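Worksheet for the structure shown next.
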Amino acid sequence: MPVDPQPRRKRFGQHFLHDPSIIKRILATIDPATATHVVEIGPGGGALTAALAAAAPRLTAIEIDRDLVGWLRDAFGDHSNVAILEADALRVDFESLGDTLTVVGNLPYNISTPLLFRITDARAAISRAIFMLQREVVDRIVAEPGSKTYGRLSVMLQCYWLATARINVPPGAFTPPPKVDSAVVELVPRTPLIGQNLAAEFETIVRTAFSQRRKTLRRSLRTLLSTDAIEAAGIDPGARPETLSVDDFARLCLPR
């Protein structure tokens, strides 16, 4: 294999995973041998890619950095089960890659939230998603109502996924070390709590409520829902958004 590349492009938020023990634990969580098609976002220096290539029946690695794409194609050119795709993951049509995808990756911190929403839009093609993210983001994803970390990201993702925090990862596991801790989260599609016809309304209600999280629902949602409509959903208009469950937010969208 060619000499390992080093992170060079700051705008891509590159932090390459190198710790063998962490890679082993992530691999055990992914269990690539049981997957139909693994899609890796941001393979970087190829540390996890090499382990996936050795076990997955089929692997597509999506990399935006053209220099890394050339290196990865050289490094994995003799693997018939591996395809290196030069693309921006935010623009990839994941549905075109298959319908039982296991999507994994060490997501760049600077675009992690948009990528999570892009993956959510493509969830019909995804059987599991396992991502390395900033620890703070993982805490927000899995947060429960009433906690300080519970917010828009928690509700929007938990509406569509069963989310479980799996592994905590220290900065020293990366080159260069980031200034924050990281963590691995597993997302498994669930039956959505709302229909696709209500998705836009749900997003608007959640976003509006948490943009003024110190205000009661009566005040923060006054341009969207009347007090009577909130009460008709079985919810106290005097409640604050962080006290509502994902099911509560879903009920605010249902026709009455």
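Keep in mind that this is a model prediction, so the values were computed, not measured. Sequence positions, counted from 1, serve as the residue numbers for this chain.
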- Go through the structure and list residues passing side chain to side chain donor-acceptor pair (under 3.5 Å) with T102, not counting sequence neighbours. none
Less than 3.5 Å apart, which donor and acceptor atoms pair up between the side chains of residues 45-58 and the rest of the protein, not counting sequence neighbours?
residue : atom : partner : partner atom : Å
T49     : OG1  : E40     : OE1          : 2.6
T49     : OG1  : E40     : OE2          : 3.4

- If every non-hydrogen atom of N168 is compared with every non-hydrogen atom of R25, which pair is closest and at what distance? O-NH1, 4.4 Å
- Residues that S21 engages under side chain to side chain donor-acceptor pair (under 3.5 Å), provided they are two or more places apart: D19
- Message: Hydrophobic clusters here meaning ILVMFWY residues chained together by side-chain heavy-atom distances under 4.5 Å, can you tell me if L153 and V188 are in one?
- Response: no
- Message: Once side chain to side chain donor-acceptor pair (under 3.5 Å) is applied, do any residues pair with K24, and if so which ones, sequence neighbours excluded?
- Response: none
- Query: So which heavy atom on P43 is nearest to which on L72, and how close?
  - Reply: CG-CD1, 3.5 Å
- Message: Which heavy atom of I22 sits nearest to which heavy atom of A173, and what is that distance?
- Response: CG1-CB, 4.2 Å
- To the nearest 0.5 Å, what is the distance between CD1 (I84) and NE2 (H79)? 10.0 Å
Which side-chain N or O atoms in residues 119-132 pair as donor and acceptor under 3.5 Å with protein atoms at least two apart or in another chain?
residue : atom : partner : partner atom : Å
T120    : OG1  : L116    : O            : 2.9
T120    : OG1  : W161    : NE1          : 2.9
R123    : NH1  : T120    : O            : 2.7
S127    : OG   : L101    : O            : 3.1
R128    : NE   : E186    : OE2          : 2.9
R128    : NH1  : I30     : O            : 2.8
R128    : NH2  : T29     : O            : 2.6
R128    : NH2  : E186    : OE2          : 3.0

- Query: In terms of hydrophobic clustering (I, L, V, M, F, W, Y; side-chain heavy atoms under 4.5 Å; direct or indirect links), are V155 and L254 co-clustered?
  - Reply: yes
- Message: I want to check something: taking the side chain as every heavy atom from C-beta on, are C253 and L193 in contact at a cut-off of under 4.5 Å?
- Response: no
- Rounded distance (nearest 0.5 Å) linking atom CG of L115 with atom CD1 of I111: 4.0 Å
- salt bridge (Lys or Arg N to Asp or Glu O under 4.0 Å) partners of residues 205-216, not counting sequence neighbours, each pair once: E203-R207
- Taking atom CG of D99 as the centre, report whether more than 12 heavy atoms of other residues, nucleotides or ligands fall under 6.0 Å from it. no
- Task: With the side chain counted from C-beta on, respond yes when S112 and L133 share a heavy-atom pair under 4.5 Å apart, and no when they do not.
- Result: yes
- For residues R118 and V92, report the shortest heavy-atom separation together with the two atoms involved. NH2-O, 2.7 Å
- So CD of E201 and CD1 of I194: to nearest 0.5 Å the spacing works out to 8.5 Å
- Query: Can you list every pair that meets salt bridge (Lys or Arg N to Asp or Glu O under 4.0 Å) and has a residue in residues 232-249, with sequence neighbours left out?
  - Reply: D248-R251
- Would you call L162 and L187 a side-chain contact if the rule is heavy atoms closer than 4.5 Å? no
- Message: Just so I know, are the side chains of T60 and H37 near enough to count as touching, which here means a heavy-atom distance under 4.5 Å?
- Response: yes
- Message: Quick check for you: to the nearest 0.5 Å, what is the distance between L157 atom CG and R152 atom CZ?
- Response: 9.5 Å
- Query: Considering only heavy atoms from C-beta outward, does the side chain of I64 approach that of E86 to under 4.5 Å?
  - Reply: no
- Item | L217 to I230 - nearest heavy-atom pair and separation | O-CD1, 3.9 Å
- Under the side-chain contact (heavy atoms from CB on, under 4.5 Å) criterion, do F76 and L59 qualify, and how do the steps go? CA-CA 11 Å; F76 296 99; L59 170 64; over 6 Å; no
Only distances under 3.5 Å count here; give the side-chain donor-acceptor pairs of residues 140-150 to other protein atoms, sequence neighbours excluded, each with its distance to 0.1 Å.
residue : atom : partner : partner atom : Å
S147    : OG   : E144    : O            : 2.8
S147    : OG   : Y150    : N            : 3.4
Y150    : OH   : L244    : O            : 2.7

- Query: What heavy-atom pair brings V138 and A165 nearest, and what distance separates the two atoms?
  - Reply: CG1-CB, 3.9 Å
- Close side-chain approach of T216 to P237, heavy-atom, < 4.5 Å: no
- ring-ring contact (aromatic ring centres under 6.0 Å, His included) filter on F210, not counting sequence neighbours, yields F249
- Indicate yes or no: at least one non-hydrogen side-chain atom of I62 is less than 4.5 angstrom from one of F94. yes
- Hey, does I41 have a side-chain heavy atom less than 4.5 Å from the side chain of V104? no
- For E63 and D65, indicate whether the former's side chain and the latter's backbone hold a donor-acceptor pair under 3.5 Å. yes
- Message: I'd like to check the side-chain contact (heavy atoms from CB on, under 4.5 Å) partners of P20; sequence neighbours left out, ordered by chain and number.
- Response: none
- Partners passing side chain to side chain donor-acceptor pair (under 3.5 Å) against T164 (at least two apart in sequence or in another chain): none
- Contacts satisfying salt bridge (Lys or Arg N to Asp or Glu O under 4.0 Å) that involve residues 189-200 (not counting sequence neighbours) are none
